[in-house]
Amino acid sequence: MDQLRTRFAPSPTGYLHVGGLRSALYSYLYAKKNNGKFILRIEDTDQGRYVEGAVEIIYRTLRDTGILWDEGPDVGGDYGPYIQSERKNEYLYYAKKLVESGHAYYCFCTEERLANLPDVNGARRYDKHCLHLSREEAERRIAAGEKYVIRQNMPAEGSTTYRDVVYGDITIENSELEDQILIKSDGMPTYNFANVIDDHLMNINCVMRGIEYLSSTPKYNLLYDAFGWERPTYIHMPPIMKDAQHKLSKRNGDASYEDLIKKGYLKDAIINYIALLGWSPKDDSEKMSFEELKQKFDVAGINKSPSIFDPMKLAWLNSLYIKEMPPEDFAEYAAPWLDNCYLKNFNKQLVCKLIQSRIETFAEIEDKLRFLAEFDKIDAELYVNQKQKADAALAKEILPSVIQKLSNVTEWTNQSLFDALVGLSAELNCKKGAVLWVARIALTGLAVTPGGASEIAELLGKQETLRRLDLSNKMLKS
């Protein structure tokens, strides 16, 4: 077999969708696992949907995630140009060769005529109206300036079969294939034509893409056959679903890679999770570094069944990566979230120490620690903890002692504060957990907080800690 050559060929129509990123990732991993080449090609023939800046988003996303291409628009290669709009003349050349061989024809049908074709099950199917125009008439009408397209001449009988690595043998009846447009009236190729020409001319011998192209591939194979070219290996991937009924889609506004980054997910966690959307390694491991993905990826692990994008699973995986970050790396990454809210007024080192092991995404930091800036009335029921045998009555009894004990602490550190509260529990002949529970509720007014009473007191500082405890004590007496 020749050297494996895979490609990722996105359209610059907006942000890079999760499904597109998965196609790039799988194509890259498969190439690297087999010492092959990974090629980036920009398919910009649909000028009406072109979005300014979208190409830069593609470059930026792939570079940031480590999916680096061996050949492409900005790095060059032996098979360029790697931008479709710069290859326009090639497509017309090959389309005309198909016309000469009878595998395509010129079509002059107006939009009005096409709109009046019979509607069959919600779709208007082209009726080969222009197929039998003589070459002389077609050339005369072209010379006269009539608008035209070039259509593929599909066989009306028989069937077309090909083998997909994931889904096995796929057979489509030729009668179901419409004479698709190859060259549009503006001279630009359609995606369905350009991708075949480019894949062949760039020696792409393995095409990995979404399942939505499974039924279109027979059209492409008929083009390969018409030219006498060897078909590539096909590997179609299962759809990524938003839920059981809805497909994850860029058109539906579903998250892109950069959206997920802004929401506080780490790139390593995102790539790790996207890899699992339709594939699983032989050892069923879930948390894998990028290098481990390169080692473990095998197309035999690609599933046939749809995958559901589960934000909770992604968040869980992200939390594992967060916990493993060196404290200095965590603090650096968390800085934008800390600096853009009230937390910039607190000791950042202590904030990071408190929160690192207790968040799933960086975007949670502000809300999880909001109690540091907001303190209001406390519901007395929060003091109730049956396991620790605590309630509002106990809080009313011991809070003055807590205040007194902490006011005497000179070294305001988590350990000193914890030791002081534990020591107080012994003095009061009270459960350690009860004292710590009452102190935490009195400091925060919340049933659940990241960190215990001593950690929170350290972060609040002595003055604010005593102020809150005194206020909570007064609330219990009122």
Side-chain angles (χ1 to χ4, degrees), residues 334 337-338 340-360 363-478:
W337 282 274
L338 300 179
N340 290 331
C341 66
Y342 59 86
L343 289 167
K344 63 179 178 289
N345 300 319
F346 289 85
N347 183 310
K348 292 181 182 178
Q349 184 178 357
L350 292 180
V351 170
C352 291
K353 183 179 178 182
L354 179 70
I355 203 70
Q356 181 171 358
S357 64
R358 297 177 171 106
I359 57 170
E360 292 187 322
E364 295 175 6
I365 292 175
E366 183 176 352
D367 280 340
K368 278 195 177 283
L369 295 179
R370 192 172 298 282
F371 68 87
L372 294 174
E374 298 176 1
F375 185 71
D376 205 345
K377 293 181 180 180
I378 298 177
D379 183 350
E381 289 299 315
L382 288 174
Y383 289 107
V384 177
N385 185 318
Q386 293 181 352
K387 181 180 178 181
Q388 302 298 345
K389 296 183 179 179
D391 56 22
L394 179 67
K396 187 174 181 180
E397 179 184 340
I398 69 172
L399 262 183
S401 299
V402 171
I403 295 170
Q404 181 63 39
K405 192 71 173 178
L406 295 188
S407 65
N408 292 327
V409 173
T410 55
E411 186 182 354
W412 200 262
T413 63
N414 173 40
Q415 190 61 55
S416 296
L417 293 164
F418 181 78
D419 290 344
L421 292 172
V422 171
L424 178 62
S425 68
E427 293 171 19
L428 298 176
N429 195 26
C430 184
K431 288 186 68 173
K432 176 180 70 174
V435 173
L436 293 172
W437 177 271
V438 167
R440 188 178 63 80
I441 297 298
L443 282 174
T444 66
L446 297 174
V448 178
T449 56
S454 57
E455 293 173 287
I456 292 167
E458 179 186 30
L459 189 52
L460 287 171
K462 188 170 185 176
Q463 182 178 349
E464 177 63 10
T465 294
L466 295 177
R467 185 190 75 82
R468 290 190 178 200
L469 292 175
D470 184 59
L471 183 57
S472 297
N473 188 41
K474 290 176 181 176
M475 290 181 196
L476 285 169
K477 292 178 179 179
S478 61

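Owing to the predicted nature of the structure, the values given are computational and were not obtained by experimental measurement.
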Can you confirm whether [X] sits close enough to [Y] that some side-chain heavy atom of one is under 4.5 Å from a side-chain heavy atom of the other?
X	Y	answer
L466	K462	yes
L406	V409	yes
P450	I359	no
Y383	L394	no

Q: Report, as yes or no, whether the 6.0 Å neighbourhood of atom NZ on K344 holds more than 12 heavy atoms from other residues, nucleotides or ligands.
A: yes
Identify the two heavy atoms, one from [X] and one from [Y], that lie closest to each other, and give their separation to 0.1 Å.
X	Y	answer
S425	V435	CB-CG2, 3.7 Å
L459	N347	CD1-O, 3.9 Å
L417	S454	CD1-O, 3.6 Å
G445	I378	CA-CG1, 3.8 Å
A447	I441	CA-CD1, 4.2 Å
S478	M475	OG-O, 2.8 Å

Q.
For a side chain to side chain contact (heavy atoms under 4.5 Å, CB included) check, start with the C-alpha distance between L369 and Y342, then their side-chain angles and the critical distance, and finish with the verdict.
A. CA-CA 10 Å; L369 295 179; Y342 59 86; 3.8 Å; yes
Can you name the side-chain hydrogen bond (donor to acceptor under 3.5 Å, both in side chains) partners of [X], sequence neighbours left out?
X	value
S416	T413
T449	R440
K348	D339
D367	R370

**Q.** Charged N-O contact under 4.0 Å between K353 and E458
**A.** no
Can you run down the salt bridge (Lys or Arg N to Asp or Glu O under 4.0 Å) pairs that involve [range], sequence neighbours left out, and say none if there aren't any?
range	answer
residues 377-387	none
residues 411-431	K405-E427
residues 464-478	E464-R467, E464-R468, D470-K474

(Q) E360: which residues meet the salt bridge (Lys or Arg N to Asp or Glu O under 4.0 Å) condition with it, sequence neighbours left out? (A)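 E360: no salt bridge (Lys or Arg N to Asp or Glu O under 4.0 Å) contacts found.
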Q. For A457, does its backbone N or O pair with a side-chain atom of W412 as donor and acceptor, under 3.5 Å?
A.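 Present.
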Q) Can you name the side-chain contact (heavy atoms from CB on, under 4.5 Å) partners of A380, sequence neighbours left out? A) A392
Q: Applying side-chain contact (heavy atoms from CB on, under 4.5 Å), name anything that partners L436, two or more places apart in sequence or on another chain.
A: F418, L421, K432
Would you compute the distance between atom [atom1] of [X] and atom [atom2] of [Y] and round it to the nearest 0.5 angstrom?
X	Y	atom1	atom2	value
E366	I355	CD	CD1	11.5 Å
L446	F375	CG	CZ	9.0 Å
L460	T465	CG	OG1	4.5 Å

(Q) Tell me which pairs pass side chain to side chain donor-acceptor pair (under 3.5 Å) where either residue lies in residues 390-400, with sequence neighbours left out. (A)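 Applying side chain to side chain donor-acceptor pair (under 3.5 Å) to every pair that reaches into residues 390-400, excluding sequence neighbours, yields nothing.
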